[in-house]
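Structure, as structure tokens:
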Protein chains: 2
Amino acid sequence: MSEDDRPRQSVGIAEVAALAGVSTATVSRALSNPEKLRAPTLARVADAVRRTGYTPNVAARSLRGRRTMVVLVVVPDIGNPFFADVLQGIDDELSRHGYGLLIGNLARVRAKEAEILEIVQAGQVDGVILLNGRVPEDRGRTLTELGIPLVAICEAIPGAAFPQVEVRNREAAQAAVQHLVSLGHRRIAYLAGPDGNILERDRRAGFCAGLAHAGIAVSAASFLAGDFSFRAGTDAAAAFLAMADRPTALFAANDEMAIGFLKAVRDAGLRIPGDVSIVGFDGIAFADYVDPVLTTFRQPRHALGVTGAGLLVKVMNGTPVAPEEACQRLPVELLVRASSGPPRGGRQPP
Amino acid sequence: MSEDDRPRQSVGIAEVAALAGVSTATVSRALSNPEKLRAPTLARVADAVRRTGYTPNVAARSLRGRRTMVVLVVVPDIGNPFFADVLQGIDDELSRHGYGLLIGNLARVRAKEAEILEIVQAGQVDGVILLNGRVPEDRGRTLTELGIPLVAICEAIPGAAFPQVEVRNREAAQAAVQHLVSLGHRRIAYLAGPDGNILERDRRAGFCAGLAHAGIAVSAASFLAGDFSFRAGTDAAAAFLAMADRPTALFAANDEMAIGFLKAVRDAGLRIPGDVSIVGFDGIAFADYVDPVLTTFRQPRHALGVTGAGLLVKVMNGTPVAPEEACQRLPVELLVRASSGPPRGGRQPP
DNA sequence: CTGAAAGCGCTTACAG
DNA sequence: CTGAAAGCGCTTACAG
């Protein structure tokens, strides 16, 4: 049957083979398994490839080779700069192994999980890295059922059977409380992340553990609702300012909220850290440029990406993953800056 | 010849065809050109597709159909949240037309342009959107030679023969100067972007035009070097503070630098806007949370993405693009906030 | 170490 | 409106 007449790919493997005086099989091997060829043959092919400017067609290679050399990264919100460094780490490690990277942005829309399933079902990728804290699903079907190599990073998925890499959220949150207590604070508020989020759960648990450890009744602490956004921080500030017996310190479950809160209470005339100390979480770039500079925890973002990608490569290659590797928890670093300090002695000025 | 024994795709088009009692051609048509089928046939196929959970293999479809339904977006730096909204706009428009999106992050590394060329040469995408202000090239070969549909947005590429969408950088920068002049400023500094960058060139030109328009000698203005980073802002602040006859206002070529500058001069004890007014460019989210809130220009980021993607779809479809569409320049909006105000009358305090 | 040939899973021009 | 069959451009098990 005749074919359509759209322009075809400029150079095909056949042309390279003809120019080099070898079969297409040999050209293919020269590109994928050069060690299987004799040096002179390899050289002739390499020369022909260079002269023709040949690049193998990706679709054909994927179809025939049954692997795409592409990994899907599921991100809850590409707009959050936090993920940029993680993605960079993933990309660095993946490209070392010859893999490309497809970004699936959920944009915080649950319905987009169906698209993730489709991409995988369509055979578009060899593995998936989840940064979104849950296994995507669509009408009862879940990603795990599809039998594709999987890894979760940043936001852990409790009980999952695949490798995971996260940071010590609980320990860090506890350390935040310890830091504030050591400065003399006893009335400490917690500005929460969205309900059900694993980071929120772990950081809240660490916060409570920190209080308990310091002999402070959790019932005496204030819990402010939030959702990780700047806006949640300013909203929480309004609630905070209206409180009768205001805490002298606040630990926010992330930096955006800490910054929103900081801005709003400062605008209201409170001094930081005199009237209220603030501690955030994440160590986003912006935290260095607020006034006062935010005390926070620096996450090993790049390392999270590299580690997670490395694990996925192992799974995709069928390399066994040691149990201690399969559930890693990286440390975070407390950066003590100007936003936290001793509470003003005695009462607050009118 | 026998094949390898890796697990194959769960459901193929043949199974669906068998279940529906039609040929594979009909299944294919049902999915791509449903209007060519009779309703009952379509219904039978649709039912079979649903029951089998069939999703067409992307590699096979691309190989045979000679189109991938994927667009490559070349981003200079994925870590810059500015691009997140633009990408969202692109994605919104592209997905309306059935296209997926592959992100090529240059990470400000020139050598990565070679990867862009490879992706295109490998037939991996049907079109390219450039956000990086130049046509990627590698050892003499440029992307334009590859004959792939192309569009540039955000950062224009002068003299290019493909459609472009940018904002009125020159006019906006001029308006920034007008704003400052109207407040009473006469000594105004410009904090520049990286050399050779088109945004830098246009904004600088607008700055100079604004001065000229106000009857201020350009030679009397101060030009501080920068590169669009927070750090460049703090570095420029050091230079600014050391100046003998300090300007009373500064226009930064982007918000990051404006914020870095703001933070550093504030730490040095200057009051804003009393001692120095500051105007940025872009309207990043963070600009709302610095103290004082930054006067800046809000870019129509989402619209930039939507417009650019829409143009690319036209080019890919062979739809003619009207000349006035082919070179669009969207307006930006000046947000007057607390970082700009009248200069303090008389001398500055010691 | 190298080649001939099958076949990955689809789409589409042709025929009916 | 639907089907039979070619073929997209590669890779790989088999044979030599």
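Reminder, nothing fancy here: chain letters follow the sequence lines and each chain counts from 1.
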Side-chain atoms of Asn57(B) come closest, of dT11(D), dC10(C), dG3(C), to dC10(C)
Under a 3.5 Å cut-off for both contacts, is dA4(C) paired Watson-Crick or G-U wobble with anything, and if yes, with which nucleotide?
none
Qualifying residue for side-chain contact (heavy atoms from CB on, under 4.5 Å) with Val49(A), from Val16(A), Ile13(A), Val11(A):
Val16(A)
Candidate pair Arg44(A) and Asp47(A), rule salt bridge (Lys or Arg N to Asp or Glu O under 4.0 Å), full reasoning
CA-CA 5 Å; Arg44(A) 285 224 309 289; Asp47(A) 188 54; over 6 Å; no
Would you say the side chain of Arg29(B) and the base of dG3(D) hold a donor-acceptor pair, judged only by whether the two atoms sit under 3.5 Å apart?
yes
What residues form a salt bridge (Lys or Arg N to Asp or Glu O under 4.0 Å) with Arg141(B), not counting sequence neighbours?
none
Picking from dT2(D), dG9(C), dT11(D), which would you name as closest to the side chain of Arg61(A)?
dT11(D)
Expressed as a whole number of angstroms, how long is the span from Leu63(B):CG to dT11(C):C1'?
10 Å
Let's go through Thr142(B) and Glu137(B) carefully: what are the C-alpha distance in whole Å and the side-chain angles of both, what is the deciding distance for side chain to side chain donor-acceptor pair (under 3.5 Å) to 0.1 Å, and is it a yes or a no?
CA-CA 4 Å; Thr142(B) 76; Glu137(B) 57 181 64; over 6 Å; no
Under a 4.0 Å heavy-atom cut-off, which of residues 40-50 of chain B touch DNA chain C?
none
Which of the following nucleotides, dG9(C), dA4(C), dG9(D), is nearest to the side chain of Ala25(A)?
dA4(C)
Return the value, rounded to whole Å, for the distance between atom CD1 of Ile13(A) and atom C1' of dT11(D).
8 Å
Arg64(B) CZ to dA5(D) P: how many Å, rounded?
16 Å
Need one value for Ser28(B): base, sugar-phosphate or nothing, where a base atom within 4.0 Å counts as base even if backbone is also close, heavy atoms only.
base
Salt bridge (Lys or Arg N to Asp or Glu O under 4.0 Å), that's the test. Do Arg134(B) and Glu155(B) meet it? Break it down for me.
CA-CA 8 Å; Arg134(B) 49 175 263 132; Glu155(B) 303 199 17; over 6 Å; no
What integer distance in Å separates Glu35(B):CD from dT2(D):C1'?
15 Å
dT2(C), OP1 or OP2 - any side-chain N/O from Arg38(A) closer than 4.0 Å?
yes
Kindly say whether Ala107(B) contributes a backbone atom to a donor-acceptor pair with the side chain of Asp77(B) at under 3.5 angstrom?
no
Test your reading of the model: is there a side-chain donor-acceptor pair from Ser95(A) to the backbone of Asp91(A), 3.5 Å cut-off?
yes
Both Leu31(A) and Lys36(B) contact DNA chain D. Which one's nearest nucleotide lies toward the 5' end?
Lys36(B)
Distance, rounded to the nearest Å, where Asn33(A) contributes CG and dT2(C) contributes C1':
13 Å
What is the distance, rounded to the nearest whole Å, between atom CD of Glu15(A) and atom P of dC8(D)?
13 Å
When you compare dG16(C) with dT12(C), how far apart are their C1' atoms, in angstrom units rounded to a whole number?
16 Å
So what's dA13(C) paired with, Watson-Crick or G-U wobble, going by both distances under 3.5 Å?
none
Contact nearer the 5' end of DNA chain D, comparing Ala60(B) with Thr26(B):
Thr26(B)
